[in-house]
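The structure appears below as structure tokens.
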Amino acid sequence: MDSEQRRERIAELAPEKLDEIESEDEGDDHPLPDLPNAEDGEVRMRVAPNPNGPWHIGHARMAAVIGTYKDRYDGEFICRFDDTDPETKRPDLDAYDAILDAIEYLGFEPDDVVKASDRVDVYYDHARELIEQGGAYTCSCPQGEFSDLKNSGEACPHREKDTETVAEEFEAMVDGEYESGEMVLRVRTDITHKNPALRDFVAFRMIDTPHPREEAAQYRCWPMLDFQSGVDDHLLGITHIIRGIDLQDSAKRQGFVYDYFGWEYPEVVHWGHVQVDAYDVSMSTSTIGELIAEGELDGWDDPRAPTVASLRRRGIRGEALVDAMVELGTSTSDVDLAISSVYANNRELIDDDTDRAFFVRDDEAFGGLVERQVVGGPDAGHPPLHPDFEDRGRRDIPVDPGVVVEGDDLPDHGDRVWLKGYGCVRHTRDAFEYVGDDITAVREEGVDVVHWAPADGPELRLRTMDGDVTGVAEPGYLDYEADDMLQFERIGFARVDRVDPDGESVAYFAHP
RNA sequence: GCUCUGGUGGUGUAGUCCGGCCAAUCAUAUCACCCUCUCACGGUGAUGACCAGGGUUCAAAUCCCUGCCGGAGCACCA
């Protein structure tokens, strides 16, 4: 009885058990834990990036996990740009689209895209309502003074202002009548709350710098994350929130606002930070941005940058990254993502479809480039495009006007080496003398098999995380197009980036 | 300092709520062998973990206590 038959049989005998059994089965192949109180078709989540730069790998975790939950629960997710800080974490106008591209690359599509900077009036309205209820007050304490009072659990004098005054002063904030730092609107929580992080927090502050988006450039009074995000999560119908542990107290702060409005707080899961091994560069948008500005990195997709764009340019599929991220789960402890697991996923995805090719590196690390004439053999070698799929055909690599190999692969004088896909040659003083194509030389006599290229093959630059390597590729490289993947035999997988028959072509190294 | 919150092999994860089927799952990693005209793929095998100490119990990764170590918040950043 196969599983289908078994299913039918159960449906006949005990239809009420079928659901139960199936839900158990399902539980087994979900790498992510169940969401609390989640029902199919009624889950709505959001990814809420600040568009102050393109995404690094850590950001991809949010989209990966939320997108996976969306598929699993047949739910929805929206992308909400929390771009309410025109100054300290100033939005980058290019990042909005870059982030949406990254989400698409990961294989997901938001059901809706909103920008907080389009919704400032909505936040004002809710602030007015909050003030009306006595849930907020305007405060002109200097930051440090308030901090001291708060830490000792004491209210500041502004806390007892009457509602009318607060309302007036808030309108003055909205109208931009204060300078940056002069006035804020605080939410009245519990000034003696045992957790100092929850005591009267700022909901709105003044910012002199205009927002980079033209549509929002007129605002000077901006909401803080705790207010904006809290209000939006409710208004946008979010049922489940996933975010970093740094925002753990945020949920509690927002809880006060929700209580004033009589709203129910969404389910929330907090997870730890992700680090990715294999990178020297700190994974923060601002650090990467600085390195680019200083010229240390070529751009957001430099192979050394720990960004989504970089992985993409290296030919790593979004799916490989998503799977690795999902396997990390949602635990509250910090996790290290081993990049090797992303590579393993990607290899699995692309190996069968990826053609093989030769690339001979001209680098001291591999003994430099050595050129030799081949005498006495066929005109060309014909290795298969893929060893497991002979029917895809063979490559045609001429040995004229000579071949290049990596110095480390050059045998001693008088010794033999097997030019892969061509045959066995003996290294004489200044040439490779063809010996034959009897494979027993390799199988039984220990002759090494090496990759090679015609001396006049296309120049290729391979960009890797450890820097660039130039060298010579086999002529067939010129037949590929940008975005094609190749496996350089004995080197690893790479993405074709630029094909230039007359100058230098470029490929990006993906992984071994 | 105050307040949260965690600790399963190199990495991640399952198991922890409801103690026994856990001498601990799966993946990745590493090593070895096999396969091989690639250092890829595939096959076989091996390596490797319950933070520590007490307690409860016939039985503890799981419950309790203490300790140790880590992460986060206490911003007019998100």
Problem - Which nucleotide in rC37(B), rA78(B), rC4(B) has an atom nearest any side-chain atom of Val442(A) - result: rC37(B)

Practice task
Classify the ring geometry between His59(A) and Trp55(A) as parallel (under 30°), tilted (30 to 60°) or perpendicular (over 60°).
Solution key: parallel

Exercise for the section: Could you tell me whether the phosphate oxygens of rA75(B), OP1 or OP2, come under 4.0 Å of any side-chain nitrogen or oxygen in Ser147(A)? Expected result: yes

Practice task
Check the angle between the aromatic planes of Tyr124(A) and Phe204(A) and answer parallel, tilted or perpendicular using the 30° and 60° thresholds.
Solution key: tilted

Completion exercise
Ranking Leu328(A) and Asp388(A) by the position along RNA chain B of their nearest nucleotide, the one closer to 5' is Leu328(A)

Practice task
Establish, yes or no, whether a centroid distance under 6.0 Å links the rings of Tyr422(A) and Tyr434(A).
Solution key: yes

Practice task
Between Val184(A) and Asp352(A), just flag the one whose closest nucleotide in RNA chain B comes earlier from the 5' side.
Solution key: Asp352(A)

Problem - Distance between P atoms of rU66(B) and rG71(B) (Å, rounded) - result: 23 Å

Exercise for the section: Go through rU3(B), rC76(B), rU38(B) for me and flag the one nearest to the Glu489(A) side chain. Expected result: rU38(B)

Practice task
Look at the side chain of Gln487(A) against the base of rU38(B) and say whether a donor-acceptor pair falls under 3.5 Å; ignore hydrogens and angles.
Solution key: yes

Check nucleotides 46-49 of chain B against the protein and report each pair of N or O atoms closer than 3.5 Å, with its distance, or say if there are none.
none

Completion exercise
From the candidates rU36(B), rA29(B), rA78(B), the one with an atom nearest any side-chain atom of Arg443(A) is rU36(B)

Handout entry: N/O (side chain, Arg356(A)) to phosphate O (OP1/OP2, rU38(B)) under 4.0 Å
Key = no

Practice task
Enumerate the residues from residues 416-423 of chain A whose closest heavy atom to RNA chain B is under 4.0 Å, giving them by residue number; use none for an empty result.
Solution key: Trp418(A), Lys420(A), Gly421(A)

Handout entry: Distance test, side-chain N/O of Gln143(A) to OP1/OP2 of rA75(B), below 4.0 Å
Key = no

Exercise for the section: With pairs defined as Watson-Crick or G-U wobble and both distances under 3.5 angstrom, please note down RNA chain B as a dot-bracket string, | for pairing with another strand. Expected result: (((((((..(((.......[.....)))((((((.......))))))...(((((..]....))))))))))))....

